[in-house]
Amino acid sequence: MTSPIVSILMGSKSDLDVMQPAREVLKELGVAHEVRVLSAHRTPEALFEYVAAAPARGVEVFIAGAGGAAHLPGVVAAKTTLPVLGVPIPSGHLLGLDALLAIVQMPKGVPVATFAVGKAGAGNAALFAIAILAGRSPELARKLVSWREAKAEELLSESIIE
Ligand code: RP5
């Protein structure tokens, strides 16, 4: 089995649908990853253990999606100096604005890169993770360029509506 380079975390199984585009992008570009549901509030000890052990298995970037109080990305960032990419999940009455503000307002010294609320943010977090890894992998850099070109071609092929 290939070692995971990217870890996708989410605070609840109910976040899985919104985080799906991150999995799809990583699959499409052939980046080994693993996906875990671990909560900063409900399972903090298990989360700490996971974050501590992940680099030894090959993890170089964390993508963390959470809704509501959305402490997961920040708590992961508190426990590692690897890049942490936060995805605000739209949930509950505030539709993700709560999670966006929680994730984006990290205190100085413990950064989390914050992405758009919802599925666009999840997909972009995966692309950004690959962009980080592409710095040392020409193969990944090439794949990223091809992916972008393929998307542009797809759009252009459907550009004439009438
Ligand atoms: C957060 O609370 C999770 O990330 C999720 O978005 C939200 C609601 O969780 P559930 O009550 O659906 O498990 O911790």
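Residue indices begin at 1 and follow the sequence shown. Atoms within each ligand, like the ligands themselves, are counted from 1 in listed order. Heavy-atom basis, side chains included; hydrogens, waters and symmetry copies ignored.
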### Query
What atoms of ligand 1 come closer than 4.0 angstrom to any heavy atom of Arg42?
9 (O), 10 (P), 11 (O), 13 (O)
#### Entry: Proximal atoms of ligand 1 relative to Ala66 (non-hydrogen, under 4.0 Å)
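So the atoms of ligand 1 that pass are 4 (O).
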### Query
For the side-chain contact (heavy atoms from CB on, under 4.5 Å) test, which of Leu85, Ile8, Ile5, Leu82 pairs with Val61?
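It is Leu85; the other options fail the test.
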### Query
Which is closest to atom 1 (C) of ligand 1 in terms of heavy atoms, Gly11, Pro90, Gly67, Ala69?
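Looking at heavy atoms only, the winner is Gly67.
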Checking a contact table here: which protein heavy atom is nearest [atom], and how many Å away?
{"atom": "atom 10 (P) of ligand 1", "result": "Ser12 OG, 3.4 Å"}
{"atom": "atom 7 (C) of ligand 1", "result": "Ser91 OG, 4.2 Å"}
{"atom": "atom 12 (O) of ligand 1", "result": "Ser14 OG, 2.7 Å"}
{"atom": "atom 6 (O) of ligand 1", "result": "Asp15 OD1, 2.6 Å"}

### Query
Considering distance alone, does some N or O of His41 sit under 3.5 Å from an N or O of ligand 1?
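No.
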### Task
State whether the shortest distance between N or O atoms of Ser39 and N or O atoms of ligand 1 falls below 3.5 angstrom.
no
### Message
Less than 4.0 angstrom from a charged side-chain N to a carboxylate O is my criterion; do Glu24 and Lys119 meet it?
### Response
no
### Task
Would you mind checking if Glu153 and Lys151 are paired as a salt bridge, meaning a charged N to carboxylate O distance below 4.0 Å?
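Between Glu153 and Lys151 there is no salt bridge, as every charged N stays at least 4.0 Å from the carboxylate O atoms.
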### Sub-4.5 Å side-chain heavy-atom contact between Ile63 and Val84
no
### Query
OG1/Thr43 to CZ/Phe48 distance, rounded to the nearest 0.5 angstrom?
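That separation rounds to 9.5 Å.
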### Query
Out of curiosity, Ile130 CD1 to Glu28 CD, how far, rounded to the nearest 0.5 Å?
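Ile130 atom CD1 to Glu28 atom CD measures 9.0 Å (nearest 0.5 Å).
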### Task
Establish whether Val18 and Ile103 are linked, either directly or via other cluster members, by ILVMFWY side-chain heavy-atom contacts under 4.5 Å.
no
### Query
Which is it for Glu34 and Tyr50 under the side chain to side chain donor-acceptor pair (under 3.5 Å) test, yes or no, and what are the steps along the way?
CA-CA 12 Å; Glu34 60 185 20; Tyr50 173 82; 2.5 Å; yes
### ligand 1-proximal atoms of Lys13, by part, heavy-atom distance under 4.0 Å
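Contact part for Lys13 vs ligand 1: neither.
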### Task
May I ask whether His71 has any heavy atom positioned less than 4.0 angstrom from an atom of ligand 1?
no
